Structure formats: structure tokens, C-alpha cells
Novice: 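Dropping the structure in here first, questions after.
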Amino acid sequence: MELNKSNMKNLALLIAFGIVFFMVLKNLYLLPWLINSVSNIIGPVLAGFAVAFVINVLLVPIETRLFSPLNRRYKKVWPKMRRAAGIFLSLVIVFGLIALIMLIVIPELVRTITNLTNNIQPFFNELQNSLAKIDRDHPEIAGYFKNLNIDWTNLSQMIAGYGQKFASSLVGSSVSMMGMIFHGAISFVLTFVISVNVLAQKERLYHQVKRVMYAYLPQKHADSVYHVLHLTNRAFSNFIAGTCTEACILGSLCFVGMNLFHFPYALLISVFVAFMALIPILGAFFSTVFGALLILIVNPIQALWFIIYFVVLQQLEGNLIYPRVVGSRVGLPALWVLVAVTIGGNAFGILGMLINIPVCSVLYTLLRENVNKRMRRPKEQPSPDPE
């Protein structure tokens with residue numbers, strides 16, 4: 001290799017990259033600490049961009065559809081006010097929904113706790129009667145429980161001791177709790193301010209990022225990166241909208257079915273089911289456990305029927321509603337939605353379930369475009385055989 005100026009520069013860059021790569025591998029154990037430190041420093045900034053991205057899913061239809069009569073009629077003053085009005089209305093809708101859910105959930109939760117408190121003693125009385133009946137009708141089972149030799153006195157003292165230690169730890173950590181609350185409040189304010197500013201200047205930020213990208217990358221590569229980013233933005237936006245739609249459908253079906261079969265706590269459990277539907281697969285498990293435990297105190301037989309009903313509802317939701325609603329939004333067939341949820345959950349847990357669907361949608365779209373491009377390419381004609 002000729003040692004000219006260009007080759008010397010490439011060789012120096014290769015050596016520097018090798019040294020940096022070796023140092024990274026040598027200190028790989030520090031990666032979790034580094035990620036945690038960086039997330040603590042720029043956490044509010046990342047959270048602000050994430051919140052702005054979610055609210056933008058609501059802001060876009062408000063500006064383009066809800067404000068369409070104003071956009072056509074007032075073309076001088078209205079464009080300057082449209083963004084502020086759209087952000088204000090989006091925030092009113094978001095905080096209004098949160099307040100509405102709290103107004104529904106909190107009174108229902110208070111009523112549920114009151115009912116549970118009143119039903120605990122009858123529940124234990126009924127449990128004792130059931131155990132006494134088992135003792136009379138099935139003495140072999142009763143003898144098995146007696147042979148366990150459980151010291152209920154020591155068990156109750158141990159539980160009381162753990163309770164006192166837990167209370168003491170709560171009192172001792174009150175100062176740190178106040179610090180965490182203060183830090184959380186500051187982070188919330190910063191996140192809110194950053195998200196509002198990002199929404200107010202999203203076109204300007206978009207053009208700045210685009211200028212930087214085209215300034216430092218060749219046009220062909222910049223076009224490819226821009227296309228991928230556009231697909232990613234569309235996939236994640238449609239995924240958020242589809243997931244929220246699916247959660248509302250599932251919560252409504254749960255509420256209607258629970259009222260139809262006269263299950264108790266229909267409203268509270270249905271709101272919890274709709275909220276947990278945002279978490280694929282595991283949300284169904286938590287919803288089942290939560291609803292069954294609440295109904296168990298009132299009527300154990302109804303708790304069993306609720307589990308059966310909710311398993312059927314989850315099968316309907318997981319195999320029909322979720323793939324079609326979310327899959328149609330992100331442009332991914334129902335089969336591949338199930339595959340994406342399964343692979344993402346096994347690889348990265350809950351976060352993988354949430355992210356893998358839009359990621360697979362982007363990959364599916366890119367693969368489809370590449371296949372169509374190759375299919376349109378003229379095939380090479382074989383050369384004629386010599387005579």
C-alpha cells in the first residue's frame with residue numbers, strides 16, 4: 001500500500017477506531033452505569049420529546065380536520081393562532097380524560113374498599129364454615145392439614161413484626177421520599193415545558209434536522225435515512241392510535257359483558273382492563289388477577305365465572321381485535337403482529353412487546369418496497385446458444 005496522505009489518514013482513523021473499540025470492550029461492565037447516568041442527566045429532555053410525540057398524534061387531526069373550516073376561512077390571522085389553539089385543545093383533552101378517569105375511578109375505588117372491608121369478616125366466617133364442613137365430610141383432608149403442624153401464634157407474631165419493620169422503614173425514609181417527590185415534580189415541569197416547546201416548533205426542528213442530515217451525508221444516503229425516519233414516525237404514530245383504540249374497545253366489551261352477567265365492580269374492573277390493555281399479554285394476566293380477587297371477596301363462584309369469561313374475552317381480543325385494529329393501523333398483517341409481540345416479549349419483556357410491532361412494521365414496509373423494486377427490474381435475457 002502506498003503511504004500517501006490519504007492512506008495515512010485512513011490508517012490513523014482505523015487505528016483510532018481500534019483503540020476506542022478495545023477500550024469500549026474492556027469497560028463494557030460500566031455500560032449500565034453510563035446509561036443510568038446519561039438518562040438521569042437528559043431524562044427530562046427525552047421524556048419531553050416522547051410526550052410531545054404522543055400528544056402530536058392527537059394534535060395533527062385537530063389541526064387538519066377539526067380546524068379545517070377555520071383553515072379555509074381565515075387565512076391571515078388564524079395560521080398564527082392555530083398551533084397555540086391546537087396545543088391548548090390537545091392538552092385540555094388529555095388532562096380532561098385523566099381527570100374524568102380519576103373522577104370515575106376514585107369514588108368507585110372508595111366504594112369498593114368500603115364494600116371489601118364490610119365483606120372481609122363474612123368472608124372469613126364463610127371460609128371457616130367451609131373448612132368445618134370439609135372436616136366433617138372429608139376427614140382424610142382435615143387430617144392432612146392437621147399434620148402440617150403450623151404454629152399460627154408464631155406466624156401472626158412474625159407478620160406483626162414485619163409490619164412494624166415496614167412502618168419504621170416508611171417513617172425513616174420520609175425525608176428521602178420528600179426528596180423524590182420534589183425531584184419528580186421538577187422533572188414533570190421540565191418535561192411539560194419541553195414537550196410544549198417541541199410541539200410549538202416541530203416544523204422548525206424538523207427542517208433543522210433535515211438540513212444537518214443532508215449537510216453531512218451524501219444525498220443518496222440522506223434520502224434513505226429520511227425515508228426510514230418517515231416510515232418510523234408513521235408506524236409509531238399509528239401504533240399509539242391503534243393501541244388506544246383497542247384499549248377502549250376491550251374496556252367497553254368488558255363493561256358490557258360484566259353488566260350482562262351481573263358481575264360486581266364492573267366499572268372499576270373495566271377501567272383497569274382498558275388501562276392494562278396498553279401492555280400486551282401481561283396486561284391480560286394482571287387484569288384477570290385484579291378482577292378475580294375483587295370478586296372473590298363477594299362471591300367465589302362468580303370469581304371463577306369471571307376468570308372463564310375474561311379468558312374467552314382475551315382470546316377474542318388477542319386473536320381478532322388486537323391484530324386487526326393495531327395491525328391495520330401500522331400496516332402489518334395480523335399474523336406478523338402476533339409474531340412481533342411474541343418475539344419482542346421473549347427478547348425484551350414488556351418494552352419489547354410495545355416497540356417491536358412498529359419496528360416490524362417499518363422492516364415489513366422496507367422489505368415489501370425492496371421486493372417490489374426487484375420484481376420490476378427487467379430480467380436479463382439469456383444469450384443465444386452458438387450454432
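Since this is a predicted model, take the numbers as computed values, not measurements.
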Novice: side-chain contact (heavy atoms from CB on, under 4.5 Å), that's the test. Do L205 and Q208 meet it? Break it down for me.
Specialist: CA-CA 5 Å; L205 293 173; Q208 288 176 347; 3.8 Å; yes
Novice: Are any of the side-chain heavy atoms of T365 and R368 separated by less than 4.5 Å?
Specialist: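 Contact flag for T365/R368 side chains = yes.
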Novice: Using the rule ring pair (Phe, Tyr, Trp, His ring centres under 6.0 Å), only one of F310, F255, F290, Y265 pairs with F272; which is it?
Specialist: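 Of F310, F255, F290, Y265, ring pair (Phe, Tyr, Trp, His ring centres under 6.0 Å) with F272 is met by F290 alone.
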Novice: Under a 4.5 Å side-chain heavy-atom rule over Ile, Leu, Val, Met, Phe, Trp and Tyr, are L59 and I194 clustered together?
Specialist: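 Cluster IDs for L59 and I194 differ.
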Novice: Establish whether V289 and M276 are linked, either directly or via other cluster members, by ILVMFWY side-chain heavy-atom contacts under 4.5 Å.
Specialist: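 In one cluster with V289: M276, yes.
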Novice: Do you know which two heavy atoms are closest between V273 and C254, and how far apart they sit?
Specialist: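 Taking every non-hydrogen atom into account, CG2-SG, 4.0 Å.
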Novice: Give the minimum heavy-atom separation between A52 and V198, together with the two atoms involved.
Specialist: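 So the two residues come closest at CB-CG1, 3.7 Å.
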Novice: Which heavy atom of V57 sits nearest a heavy atom of A241, and at what distance?
Specialist: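 In this case the closest contact between V57 and A241 is CG1-CB, 4.2 Å.
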Novice: R374 vs N370, test: side chain to side chain donor-acceptor pair (under 3.5 Å). Steps then yes/no.
Specialist: CA-CA 6 Å; R374 287 176 174 270; N370 187 262; 3.1 Å; yes
Novice: Do W305 and N299 come close enough that some side-chain heavy atom pair is under 4.5 Å?
Specialist: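 With C-beta onward as the side chain, the pair stays apart.
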Novice: Using 0.5 Å steps for rounding, measure from the CG atom of L293 to the OG1 atom of T288.
Specialist: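 L293 atom CG to T288 atom OG1 measures 10.5 Å (nearest 0.5 Å).
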Novice: Taking side chain as C-beta onward, heavy atoms only, is R73 less than 4.5 Å from W78?
Specialist: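 In short, these two side chains do not touch, never coming nearer than 4.5 Å.
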Novice: Using a 4.5 Å cut-off on heavy atoms from C-beta on, say whether the side chain of R234 contacts that of L231.
Specialist: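 Heavy-atom side-chain distance check passes, below 4.5 Å.
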Novice: With side-chain contact (heavy atoms from CB on, under 4.5 Å) as the test, pick out the partner of V193 among L190, V196, V189.
Specialist: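 Of the listed residues L190, V196, V189, the side-chain contact (heavy atoms from CB on, under 4.5 Å) partner of V193 is V189.
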Novice: Contact between Y206 and K210 at the side-chain level, heavy atoms closer than 4.5 Å - yes or no?
Specialist: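 Answer yes - side chains close enough.
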Novice: Test of understanding: with salt bridge (Lys or Arg N to Asp or Glu O under 4.0 Å), list the residues that count as partners of R82, not counting sequence neighbours.
Specialist: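 So R82 forms no salt bridge (Lys or Arg N to Asp or Glu O under 4.0 Å) with any residue.
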Novice: Do you know the tightest heavy-atom contact between A266 and N259?
Specialist: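 That would be CB-ND2, 3.8 Å.
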Novice: Of all the heavy-atom pairs spanning L366 and V228, show the shortest one and how long it is.
Specialist: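 Of all heavy-atom pairs spanning L366 and V228, the closest is CD1-CG2, 4.1 Å.
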Novice: What is the ring orientation for F263 with Y309, classed by angle as parallel under 30°, tilted 30 to 60°, or perpendicular over 60°?
Specialist: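 Answer is tilted, since the angle falls between 30° and 60°.
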Novice: Do S195 and F53 have side-chain heavy atoms sitting under 4.5 Å apart?
Specialist: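 Side-chain contact under 4.5 Å: no.
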Novice: To the closest 0.5 Å, what do you measure between CG (L296) and CD1 (I301)?
Specialist: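 Taking CG in L296 and CD1 in I301, the distance rounds to 10.0 Å.
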Novice: Within the structure provided, determine whether Q219 and D223 are in side-chain contact (heavy-atom separation under 4.5 Å).
Specialist: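 Touching, per the 4.5 Å side-chain cut-off.
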Novice: Under 4.5 Å between side-chain heavy atoms, counting indirect links through other Ile/Leu/Val/Met/Phe/Trp/Tyr residues: same cluster for V256 and M258 or not?
Specialist: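 Different clusters: V256 never reaches M258 through Ile, Leu, Val, Met, Phe, Trp or Tyr contacts under 4.5 Å.
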Novice: Nearest 0.5 Å, what's the CZ-CD distance between F239 and E246?
Specialist: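 CD of E246 is found 9.5 Å from CZ of F239.
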Novice: Transitively linked via ILVMFWY side-chain contacts under 4.5 Å: V54 with L229?
Specialist: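 Different hydrophobic clusters.
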Novice: Once you round to the nearest 0.5 Å, how far does CG of L253 lie from CG of L316?
Specialist: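 One finds 7.0 Å between CG of L253 and CG of L316.
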Novice: Got a second to check how far I87's CD1 is from N56's CG, nearest 0.5 Å?
Specialist: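 CG of N56 is found 9.5 Å from CD1 of I87.
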Novice: Assigning hydrophobic clusters by single linkage (Ile, Leu, Val, Met, Phe, Trp, Tyr; side-chain heavy-atom cutoff under 4.5 Å), is L294 placed with I308?
Specialist: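 Result: yes, single cluster for both.
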Novice: Quick check: does any side chain N or O of R83 sit under 3.5 Å from a backbone N or O of L199, one acting as donor and the other as acceptor?
Specialist: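 Side chain of R83 to backbone of L199, a donor-acceptor pair under 3.5 Å: yes, one is there.
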Novice: For residues L313 and L250, determine if any side-chain heavy atom of one lies less than 4.5 Å from a side-chain heavy atom of the other.
Specialist: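 A side-chain contact under 4.5 Å exists here.
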Novice: If you measure from CD1 on I295 to CD1 on I269, what distance do you get to the nearest 0.5 Å?
Specialist: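 Answer rounded to 0.5 Å: 4.0 Å.
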Novice: I need the minimum non-hydrogen distance between A235 and V362, along with the two atoms involved.
Specialist: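 It is CB-CG2, 3.9 Å.
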Novice: Would you say CD of E203 has more than 12 non-hydrogen atoms from neighbouring residues, nucleotides or ligands within 6.0 angstrom?
Specialist: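 Count over threshold, so yes.
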